[in-house]
2 protein chains.
Amino acid sequence: MPRAGLTSDRVVRAGAELADEVGLDDATVSALARQLGVKVASLYGHVDGATGLQEGIARLALDELADRAAEAIAGRSGRDALVAFASAYRDYARQHPGRYAATRLRVGPDSPVVEAGRRHADLTRAVLRGYALEESDTVHAVRLLGSTVHGFTDLELGGGFDHSEPAPEESWARTLDALDATLRSWAISPPG
Amino acid sequence: MPRAGLTSDRVVRAGAELADEVGLDDATVSALARQLGVKVASLYGHVDGATGLQEGIARLALDELADRAAEAIAGRSGRDALVAFASAYRDYARQHPGRYAATRLRVGPDSPVVEAGRRHADLTRAVLRGYALEESDTVHAVRLLGSTVHGFTDLELGGGFDHSEPAPEESWARTLDALDATLRSWAISPPG
DNA sequence: TAGGTTTCCTATAGGCTTTAGGCAAATCCC
DNA sequence: GGGATTTGCCTAAAGCCTATAGGAAACCTA
């Protein structure tokens with residue numbers, strides 16, 4: 001009987017793709033085993049059950065997302081960086097809804113996912129460097145930025161904008177405009 | 001054997017409370033039956049299985065939330081209305097995390113949940129009346145407001161603010177300030 | 001090529017969902 | 001009030017998912 005050549009990494013990756021296709025909730029260990037042409041129990045040697053699989057997907061997604069965000073802001077600053085950064089999140093969520101959903105799972109405080117979360121906060125602070133904020137304002141700006149981007153993305157993905165016109169694209173542009181204006185208004189001395 | 005006196009309404013309500021206690025995902029039909037001191041199959045006469053239960057909770061939550069939002073904006077306008085409205089959402093989500101999670105479920109286009117969603121959009125537009133927006137700007141403002149409030153609430157509930165100082169309260173105030181300023185700047189003629 | 005390790009398997013148990021069919025309590029109606 | 005009907009809750013059973021235990025085949029290494 002030939003071996004399937006599974007590894008933790010490959011299992012998690014396949015799980016992530018399955019989650020994008022059928023939704024995170026239906027990306028079960030059983031469904032994944034079927035997809036991989038393997039018996040369910042075989043996967044338990046590579047991932048720690050259902051929650052382990054989801055944490056793995058979350059970890060993978062957060063890393064991928066941070067990579068994209070980092071690339072998006074490289075060589076940009078101010079408004080350009082903001083738009084590229086926020087759009088990296090939105091685009092990723094639309095391309096990988098299952099993975100994105102995994103990033104929002106509540107997770108234990110000792111999980112490597114927490115570490116990945118810190119990287120995202122650092123990237124967000126990097127975007128905000130272009131706005132010359134007071135140190136004490138930065139946390140609030142990080143939270144505002146995260147809230148707005150995640151909120152828009154989550155509502156859009158959840159179909160919240162399906163019953164109104166126009167397409168979300170224009171609202172997205174307006175949202176980024178508003179965010180940029182707000183952050184500029186928070187700057188120590190408004191750029192001349 | 002005495003009857004338990006179940007009704008659809010009572011079952012859904014008990015389900016909502018269970019969801020708030022143990023999380024929406026663990027508010028299963030089985031767990032609910034145990035809680036109600038009844039056999040699982042008995043519930044199938046009152047709710048249409050697991051998804052029916054979740055839709056019922058979503059419907060209940062959206063109605064309750066709309067009631068609260070309506071009460072919050074009654075007799076207020078402008079910034080006051082905005083703050084009261086947004087805080088009604090945030091407070092509800094913190095008091096009823098399971099119910100709030102249910103409101104974000106994707107649902108078929110023929111579900112009564114869609115109807116309830118429209119009521120929320122109407123209430124949001126009522127808040128925006130105080131800002132004298134261009135008609136064409138209103139959709140974007142509705143989406144911006146919804147995104148920001150939901151995003152903040154979702155991140156806060158998901159523990160996203162747990163690893164940074166200070167407490168979210170201050171960030172919430174700053175977020176509402178920013179939202180108010182943005183909407184004022186969108187007005188046809190800024191209030192004098 | 002023999003031993004040890006890894007990988008995947010079978011078997012099994014328990015939980016959740018859902019449907020089918022049955023009995024008894026509540027209700028209706030004369 | 002008593003019988004028929006409806007309603008409410010039950011038992012039983014099948015299917016899928018999670019999870020663990022233990023075995024056999026493939027791979028690696030000396």
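Worth saying up front: this structure is predicted, and the values here are computed from it rather than measured.
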Legend entry - Side chain of B:Ala50 (C-beta onward), nearest among C:dT18, C:dC8, D:dT18: C:dT18

Inset, instruction - Nearest whole angstrom, please: distance from the C1' of D:dA19 to the NE2 of A:His46. - result: 16 Å

Legend entry - Residues A:Glu156 and A:Arg94 bridged, charged N to O under 4.0 Å: yes

Inset, instruction - Among the candidates D:dC9, C:dA11, C:dT18, find the nucleotide nearest to the side-chain atoms of B:Tyr44. - result: C:dT18

Inset, instruction - Please work out if B:Val40 contacts a base, only the sugar-phosphate, or nothing of the nucleic acid, heavy-atom cut-off 4.0 Å. - result: base

Legend entry - NZ/NE/NH1/NH2 to OD/OE distance under 4.0 Å, B:Arg125 and B:Asp122: yes

Legend entry - Side-chain (A:Ser171) to main-chain (A:Ala167) donor-acceptor, under 3.5 angstrom: no

Inset, instruction - Looking at every strand, decide which applies to B:Ala41 at a 4.0 Å heavy-atom threshold: base, sugar-phosphate, or nothing. - result: base

Legend entry - Short side-chain N/O contact from B:Ser42 to OP1 or OP2 of D:dC10, under 4.0 Å: yes

Legend entry - Protein-nucleotide distance (A:Leu43, atom CG; C:dC8, atom P), rounded to Å: 9 Å

Inset, instruction - Using whole Å, report how far CZ of B:Arg10 lies from P of D:dG8. - result: 11 Å

Legend entry - Distance in angstrom units between B:Gln35 CD and C:dC16 P, rounded: 13 Å

Legend entry - Gap between atoms CG and C1', on B:Leu53 and C:dT18 respectively (whole Å): 14 Å

Legend entry - Spacing of B:Asp48 atom CG relative to C:dC16 atom P, expressed in whole Å: 19 Å

Legend entry - Ring geometry between B:Tyr89 and B:His120 (parallel below 30°, tilted from 30 to 60°, perpendicular above 60°): perpendicular

Inset, instruction - Please work out if A:Gly49 contacts a base, only the sugar-phosphate, or nothing of the nucleic acid, heavy-atom cut-off 4.0 Å. - result: sugar-phosphate

Inset, instruction - Please determine, for the side chain of B:Thr28, which listed nucleotide (C:dC8, C:dT10, C:dC16) has the closest atom? - result: C:dC16

Inset, instruction - Would you please confirm or rule out a distance under 4.0 Å between OP1 or OP2 of D:dC16 and any side-chain N or O of A:Arg34? - result: no

Legend entry - Separation of C:dG15 C1' from B:Lys39 NZ (nearest whole Å): 14 Å

Legend entry - Rounded distance in Å - CG (A:Asp26) to P (C:dT17): 14 Å

Legend entry - Joint hydrophobic cluster, A:Phe161 plus A:Trp172, side-chain heavy atoms closer than 4.5 Å: yes

